[in-house]
Number of protein chains: 2
Amino acid sequence: MTEQQRRPTLMDVARAAGVSRALVSIVMRGAAGASEPTRQKVLEAARELGYRPDSRARLLRSSRTKLLGLSFSSSQPFHAEIVDAAYAAASKKGYEIVLSAVANGRPETRAIEALLDFGSEALILISPTLSSQEMARYASQVPVVSLLRNDVGELVDSVSSDDHAGIRIAVDHLTTLGHRRIVHVDGGTAVSAAQRREAFRTEMIRHGLEPVTVPGGPNEEDGLRAGQSLTGDVPSAVIAFNDRAALGVIESLRATGLQVPRDVSVLGYDDSQFARLSYVQLSSISQDAPLLAAAAVDRAVDRIEGTQPPAHLVRTPHLVLRKTTGHPAPQMQP
Amino acid sequence: MTEQQRRPTLMDVARAAGVSRALVSIVMRGAAGASEPTRQKVLEAARELGYRPDSRARLLRSSRTKLLGLSFSSSQPFHAEIVDAAYAAASKKGYEIVLSAVANGRPETRAIEALLDFGSEALILISPTLSSQEMARYASQVPVVSLLRNDVGELVDSVSSDDHAGIRIAVDHLTTLGHRRIVHVDGGTAVSAAQRREAFRTEMIRHGLEPVTVPGGPNEEDGLRAGQSLTGDVPSAVIAFNDRAALGVIESLRATGLQVPRDVSVLGYDDSQFARLSYVQLSSISQDAPLLAAAAVDRAVDRIEGTQPPAHLVRTPHLVLRKTTGHPAPQMQP
DNA sequence: TGGAGCGACTAGAACGATCTAGTCGCAAAC
DNA sequence: GTTTGCGACTAGATCGTTCTAGTCGCTCCA
């Protein structure tokens with residue numbers, strides 16, 4: 001086993017190239033102050049030795065780490081999409097992302113402390129569940145950006161999606177198709193559920209329609225149960241809290257012999273991978289993960305590099321039309 | 001903005017407690033060599049100042065980092081389950097996990113180098129796509145454990161699931177129920193697909209049955225297509241490459257008016273979150289993510305702390321019985 | 001009485017980088 | 001011919017820890 005070969009340091013490269021450590025440092029981080037010939041010579045020596053700068057030492061010395069800490073929940077597919085996009089956005093800005101998952105038996109505070117220990121210059125927290133006070137405490141150390149949640153107090157940035165606008169788009173879409181009897185299967189106690197429920201009420205009333213809401217939740221089981229509760233008085237369209245609940249609703253309709261969208265239109269929320277499945281083809285309200293991620297990264301970097309105060313950014317979602325919404329079935333009027 | 005308050009260091013705590021830096025260091029890492037009264041005094045001072053050790057400095061100085069690097073793919077829900085379990089397993093062993101995602105436009109090598117830069121003492125790679133040579137190169141620097149893939153050469157550890165055994169369990173289960181006409185919807189070019197295909201052939205022949213395989217793939221669309229190709233000659237049971245493909249197969253059967261499991265039994269593979277959904281209730285072969293994760297972490301730690309050579313660990317999967325498999329429908333024999 | 005042994009504590013050198021404050025030539029300016 | 005300025009390069013301090021090699025005071029035992 002040749003495992004114990006110490007990795008080369010600046011000193012080794014310097015010796016090999018016949019210059020000082022400081023000069024190698026200058027070359028390695030592309031700073032000014034080295035002639036082109038020596039620069040090449042140093043680079044060559046570094047390549048030959050397989051030198052890679054030790055980030056710990058580098059970070060220890062320079063106050064800058066160019067690291068953005070990102071906490072996400074390992075059980076949320078939608079978070080994964082954001083992580084994906086955040087990497088791209090960060091590297092475009094010259095930053096690295098360091099991840100920490102909120103998992104079973106690993107609370108959010110633990111994830112955050114790990115990020116701080118690595119020297120993150122800012123934190124991006126996806127759907128944080130901390131109280132505003134706790135977040136403020138972290139915000140006194142580094143800029144904190146809350147993603148997908150905006151009631152986070154004055155000291156924390158937030159990038160979120162306009163729930164009211166999303167529901168408005170949903171209601172407008174369905175009424176334009178001719179639907180009048182629209183039901184909202186809500187998200188129960190989930191984050192954003194209250195906002196969407198309230199928005200639904202407002203928008204339905206605006207259209208002169210009766211806002212009927214049935215209790216639901218954030219996943220398939222909840223949607224299934226909610227759908228079953230509708231069987232006595234089936235509406236012509238359903239707006240679900242999210243895509244997973246929508247799938248449950250569709251399943252329950254199917255079980256009673258109803259077809260989507262022929263008999264009932266169903267609209268999801270999130271435009272997640274589930275919605276895109278070819279056999280589902282769920283029409284959905286998209287929050288656009290890549291856009292949200294990029295916005296959060298931009299905010300974080302701006303806060304790090306600038307002196308601006310925290311801001312609350314709200315993005316407007318949009319409709320992704322697939323195959324679960326259509327004109328209502330012709331039907332007797334009471 | 002009170003943002004620029006330097007975080008307290010060992011020195012600050014030492015001054016506050018009236019002792020030397022070294023002693024504070026001893027207390028903070030719980031080492032021997034401090035009396036109980038001073039230990040309390042130091043701890044108190046640290047708590048008061050809100051001291052948190054700077055991991056970069058700590059890691060720089062001590063050769064040990066107690067860090068395990070874990071690379072995963074952000075688009076694979078099954079990987080998320082492993083990440084979850086790995087955190088638990090690592091902290092039980094006194095190690096921390098540092099994550100790096102393989103994402104769109106972020107190749108595996110990039111993810112790995114990030115892990116090394118953070119000072120990972122070992123790498124755990126989930127379903128790595130690197131060549132054996134490339135992995136060997138990394139293995140010369142730190143122990144590398146490949147998870148879910150075992151053809152990785154002599155220098156790399158692997159922890160994988162016994163595909164042959166999994167398929168054997170599947171075939172045995174179905175034949176025991178009385179099925180004779182069993183079809184395998186394979187995984188196409190996906191990792192492990194060839195092994196499972198071959199195992200299916202062997203096992204069916206062992207039972208004196210004809211091994212019929214139809215081309216599939218790793219997700220719903222593939223299953224759907226494969227299912228549609230069966231309509232001329234519907235088997236009594238299907239073993240899908242994985243759960244997502246199984247979902248597609250079920251969908252295609254439904255579309256032709258067939259019921260699961262009354263008319264056709266369908267068995268998935270992975271026992272993923274999809275399989276567990278209440279409206280799916282898919283019987284499946286479980287690879288047991290928590291167990292695999294724990295095994296990988298254990299291997300990594302053993303390699304770091306011991307002098308053992310790399311090993312290839314294989315775990316036997318097991319059947320998780322739900323509601324998509326049952327006795328075959330009574331049927332005319334030709 | 002004079003070590004030996006031990007527990008509690010400390011000074012100062014690492015670790016591997018960056019940063020500050022230079023030195024050293026050399027050409028242009030006066 | 002001295003001064004000035006500038007580009008190229010370097011020595012040494014520094015970041016916040018851990019580690020090594022002590023010192024100091026005390027007890028125990030021959």
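Order of the sequence lines fixes the chain letters, A, B, ..., with proteins taken first and strands second; residue numbering starts at 1 for each chain. Every value quoted in this text rests on a predicted model; they were computed, and no experiment measured them.
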Problem - Residue-phosphate contact under 4.0 Å: A:R56 side-chain N/O, D:dT17 OP1/OP2 - result: no

Practice task
Specify the separation, in whole Å, of atom CG of A:L10 and atom P of D:dA11.
Solution key: 14 Å

Fill in the blank from the handout: Between B:R149 and B:S160, the two heavy atoms sitting closest are N-CB, 4.2 Å

Practice task
Nearest whole angstrom, please: distance from the P of C:dG16 to the CG of B:D117.
Solution key: 15 Å

Practice task
State the CG-CZ distance between B:D54 and A:R56, to the nearest 0.5 angstrom.
Solution key: 12.0 Å

Exercise for the section: Name the nucleic acid region contacted by A:A34, choosing base, sugar-phosphate or nothing; use a 4.0 angstrom heavy-atom cut-off, strictly under. Expected result: sugar-phosphate

Exercise for the section: Round to a whole Å and report the spacing from CZ of A:R39 to P of D:dA8. Expected result: 9 Å

Exercise for the section: Rounded to the nearest angstrom, tell me the gap between atom NZ in B:K41 and atom P in C:dA8. Expected result: 13 Å

Exercise for the section: Provide, to the nearest angstrom, the distance between the CG atom belonging to A:D54 and the P atom belonging to C:dA14. Expected result: 18 Å

Problem - No-hydrogen, no-angle side-chain donor-acceptor test under 3.5 Å, A:R29 and A:S25 - result: yes

Handout entry: Short side-chain N/O contact from A:S62 to OP1 or OP2 of C:dT18, under 4.0 Å
Key = no

Practice task
Grab the NZ-P distance between B:K66 and D:dT18 for me, whole Å please.
Solution key: 14 Å

Problem - Pair of N/O donor and acceptor under 3.5 Å linking D:dT17 base with B:R21 side chain - result: yes

Problem - A:V145, A:V156, A:L116, A:D157 screened by side chain to side chain contact (heavy atoms under 4.5 Å, CB included) with A:L123, the one that passes - result: A:L116

Fill in the blank from the handout: Picking from C:dG16, D:dT10, D:dT17, the nucleotide nearest the side-chain atoms of A:V19 would be D:dT10

Handout entry: Distance below 4.0 Å between B:T9 side-chain N/O and D:dG16 OP1 or OP2
Key = no

Practice task
Kindly compute the distance separating CZ (A:R15) from CG (A:L10), expressed to the nearest 0.5 Å.
Solution key: 11.5 Å

Fill in the blank from the handout: Which of D:dG16, D:dT18, D:dG12 is nearest the side chain of A:A22? It is D:dG12

Problem - Closest-nucleotide 5' rank along DNA chain C - winner of A:S25 and B:S35 - result: B:S35

Handout entry: Distance, rounded to the nearest Å, where B:I26 contributes CD1 and C:dG7 contributes C1'
Key = 11 Å

Handout entry: d(CZ, A:R61; C1', C:dC15) in whole Å
Key = 14 Å

Handout entry: Closest listed nucleotide, where the reference is the side chain of B:R58 and the choices are D:dC15, D:dT10, D:dT17
Key = D:dT17

Exercise for the section: Identify whether any heavy atom of A:T38 sits under 4.0 Å from a base atom; if not, whether one sits that close to sugar-phosphate; answer base, sugar-phosphate or nothing. Expected result: sugar-phosphate

